[in-house]
Amino acid sequence: MEDEIPELHPLRFKDLPLPITFDFFKFTQIILNMYAITTASAVIWNTMPWLEPYEFTQIQTKLCKIPIFPIAPIHKIASTPTSASSSLLQEDSTCLPWLDRQPPNSVIYVSLGSLAVSTQQELEEMAWGLADSRQPFLWVIRPGSIQGSDGVGSMPKGFQEKAGDRACIVQWAPQKEVLAHKAVGGFWSHCGWNSTLESLSEGVPMLCRPYLGDQTVNARYISCVWKVGLTLEDRLERNEVERAIRRVMVEEEGRKMREKAMDLKGRIEDSLREDGSSSSSLKQLVDFIKTLY
């Protein structure tokens, strides 16, 4: 499982998104069907060619007769001062004043998405690892995200006293605003593609804890290709959690990750400028749609 797949470097067998279905034949058919899109007029792709150059070229080759429009990051293109939130849960903005009181790049933001479910033991290991790291942290504990408990009410004894004012815990956060905040220096994420792009767009390095689907693939790219994060694999243990947080937040390794992440942020901003790749693709998409009517 640790061996790399020669045709899919840098992915290992364990990184394949098999949890989509435990039927390997069915999974294979899903992949083949993706490349058999012959009835589509076009494909809109939430990525940038320079971010995944080899993969994008492969897809272009497979879908040679169908135009592809890479217009990522869509959340930046669709964002306006009056646009409604796309969040599925009620956002708690009380964390923003707390962030305002924290030093720059000092806070690790922890949010494992809208689907992941952790055990009580994992919650406790995360809690003590965060507290022992001595870093301020903003932790999203979604209702229903902890098996058999309400999450916040199941914190280990003594945790609140040890974490003190360094902790801010909410049920859901305005993620785009949080990642753009100057106090946030790291993002502990499940590595869904939307969260990944939101983090890269703000130059925030990542601590990866993938659960299912494409998340294991995204985490592998974050840590091994773009080198803007590291991955917590296998069983969570508080000492490893503490160590990983400090590697990302305060050590030289993390400083290099932040430099690379900021470089990607700059390239994403260039892509969104008038003559940038994403902006140009969006204009081409609009022109293409006009030809259909």
Side-chain angles (χ1 to χ4, degrees), residues 87-175 177-179 181 183-192 195 199 204-212 215 219 229-251 254:
S87 176
L88 298 176
L89 299 173
Q90 181 65 41
E91 295 175 344
D92 184 349
S93 296
T94 60
C95 60
L96 298 177
W98 178 85
L99 283 174
D100 291 338
R101 298 192 294 271
Q102 310 307 316
N105 294 325
S106 66
V107 175
I108 181 158
Y109 167 54
V110 185
S111 180
L112 300 179
S114 57
L115 294 176
V117 177
S118 302
T119 65
Q120 178 65 28
Q121 182 178 3
E122 287 174 326
L123 173 77
E124 294 184 7
E125 296 301 311
M126 289 176 69
W128 286 123
L130 286 162
D132 292 341
S133 74
R134 300 184 295 281
Q135 293 296 127
F137 56 91
L138 168 57
W139 190 0
V140 172
I141 302 181
R142 189 188 78 250
S145 63
I146 307 300
Q147 293 177 7
S149 76
D150 63 357
V152 176
S154 301
M155 289 296 181
K157 184 177 180 180
F159 166 75
Q160 297 287 357
E161 291 78 6
K162 183 165 188 176
D165 293 338
R166 290 186 293 105
C168 179
I169 301 176
V170 296
Q171 292 189 347
W172 201 248
Q175 182 159 293
E177 292 178 75
V178 167
L179 289 171
H181 198 286
V184 173
F187 181 17
W188 182 345
S189 172
H190 63 306
C191 301
S195 290
S199 195
V204 178
M206 302 179 72
L207 181 56
C208 307
R209 180 65 176 175
Y211 284 82
L212 74 163
Q215 297 165 15
L230 56 89
T231 301
L232 279 168
E233 297 186 289
D234 304 320
R235 180 179 175 180
L236 281 181
E237 295 184 358
R238 63 194 69 185
N239 292 338
E240 290 300 318
V241 169
E242 174 193 354
R243 177 78 180 113
I245 291 170
R246 295 193 62 79
R247 284 171 65 188
V248 171
M249 298 298 296
V250 299
E251 296 184 3

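Nothing here was measured: the structure is a model prediction, and the numbers come from that model. Scope of the values below: all heavy atoms of this structure, side chains included, with no hydrogens, waters or symmetry mates.
The side chain to side chain contact (heavy atoms under 4.5 Å, CB included) check on N105 picks up R258, with sequence neighbours excluded. Every side chain to side chain donor-acceptor pair (under 3.5 Å) that S195 has, sequence neighbours left out, goes to Q175. Partners of D100 under the side chain to side chain donor-acceptor pair (under 3.5 Å) rule, at least two apart in sequence or in another chain, are H181. Residues meeting the side chain to side chain donor-acceptor pair (under 3.5 Å) test with R247, sequence neighbours left out: E253. Residues passing the side chain to side chain contact (heavy atoms under 4.5 Å, CB included) test with A167, sequence neighbours excluded: F137, A163. Every side chain to side chain donor-acceptor pair (under 3.5 Å) that E251 has, sequence neighbours left out, goes to R243.
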### Query
So C208 and W188, side-chain contact (heavy atoms from CB on, under 4.5 Å) or not? Walk me through it.
CA-CA 6 Å; C208 307; W188 182 345; over 6 Å; no
### Message
Before you tell me yes or no, could you show the steps for C191 and Y211 under side-chain contact (heavy atoms from CB on, under 4.5 Å), namely the whole-Å CA-CA distance, both residues' side-chain angles and the distance that decides it to 0.1 Å?
### Response
CA-CA 9 Å; C191 301; Y211 284 82; over 6 Å; no
### Message
I146 vs I141, test: side-chain contact (heavy atoms from CB on, under 4.5 Å). Steps then yes/no.
### Response
CA-CA 8 Å; I146 307 300; I141 302 181; 4.2 Å; yes
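Taking 4.5 Å as the limit, some side-chain heavy atom of M155 sits within range of a side-chain heavy atom of I169. No side-chain heavy atom of S118 sits under 4.5 Å from any side-chain heavy atom of L123. In this structure, the side chains of V140 and V110 stay at 4.5 Å or more apart for every pair of heavy atoms. Under the 4.5 Å side-chain criterion, counting only non-hydrogen atoms from C-beta, C95 is in contact with P174. The shortest side-chain heavy-atom distance between V170 and C168 falls under the 4.5 Å cut-off. Residues P143 and W172 have side chains not in contact (no heavy-atom distance under 4.5 Å, counting atoms from C-beta outward). At least one side-chain heavy atom of V178 sits under 4.5 Å from a side-chain heavy atom of V184. Side-chain contact between W98 and V107 is present, with at least one heavy-atom pair separated by less than 4.5 Å.
W139 contributes atom CH2, which lies 9.0 Å from atom CG of L112 (distance to the nearest 0.5 angstrom). Once rounded to the nearest 0.5 Å, the distance linking CD of E242 with CD of E237 reads 13.0 Å. Taking CZ of R246 as the start and OG of S133 as the end, the distance is 7.0 Å to the nearest 0.5 Å.
Proximity of a side-chain donor or acceptor of T231 to a complementary backbone N or O of E233 within less than 3.5 Å is not detected. Remark: the backbone N or O of L232 is paired with a side-chain donor or acceptor of R209 at under 3.5 angstrom. R134 contributes a side-chain N or O that, together with a main-chain N or O of D132, makes up a donor-acceptor pair within less than 3.5 Å. Proximity of a side-chain donor or acceptor of E240 to a complementary backbone N or O of L236 within less than 3.5 Å is not detected. With hydrogens and angles disregarded, a donor-acceptor distance shorter than 3.5 Å links the side chain of R166 to the backbone of K162. Panel note: side chain R238, backbone E124; no donor-acceptor pair is recorded below 3.5 Å. Side chain of E122 to backbone of T119: a donor-acceptor contact under 3.5 angstrom is found. A distance-only check finds no donor-acceptor pair linking the side chain of E177 to the backbone of L96 [under 3.5 Å].
Of all heavy-atom pairs spanning I245 and G129, the tightest one is CD1-O, 4.0 Å. Among all heavy-atom pairs drawn from V241 and L130, the shortest one is CG1-N, 4.2 Å. Here the closest heavy-atom approach between residue S106 and residue P136 is recorded as O-CD, 3.3 Å.
Under 3.5 Å, the side chains of S189 and Y109 contain no donor-acceptor pair of N or O atoms.
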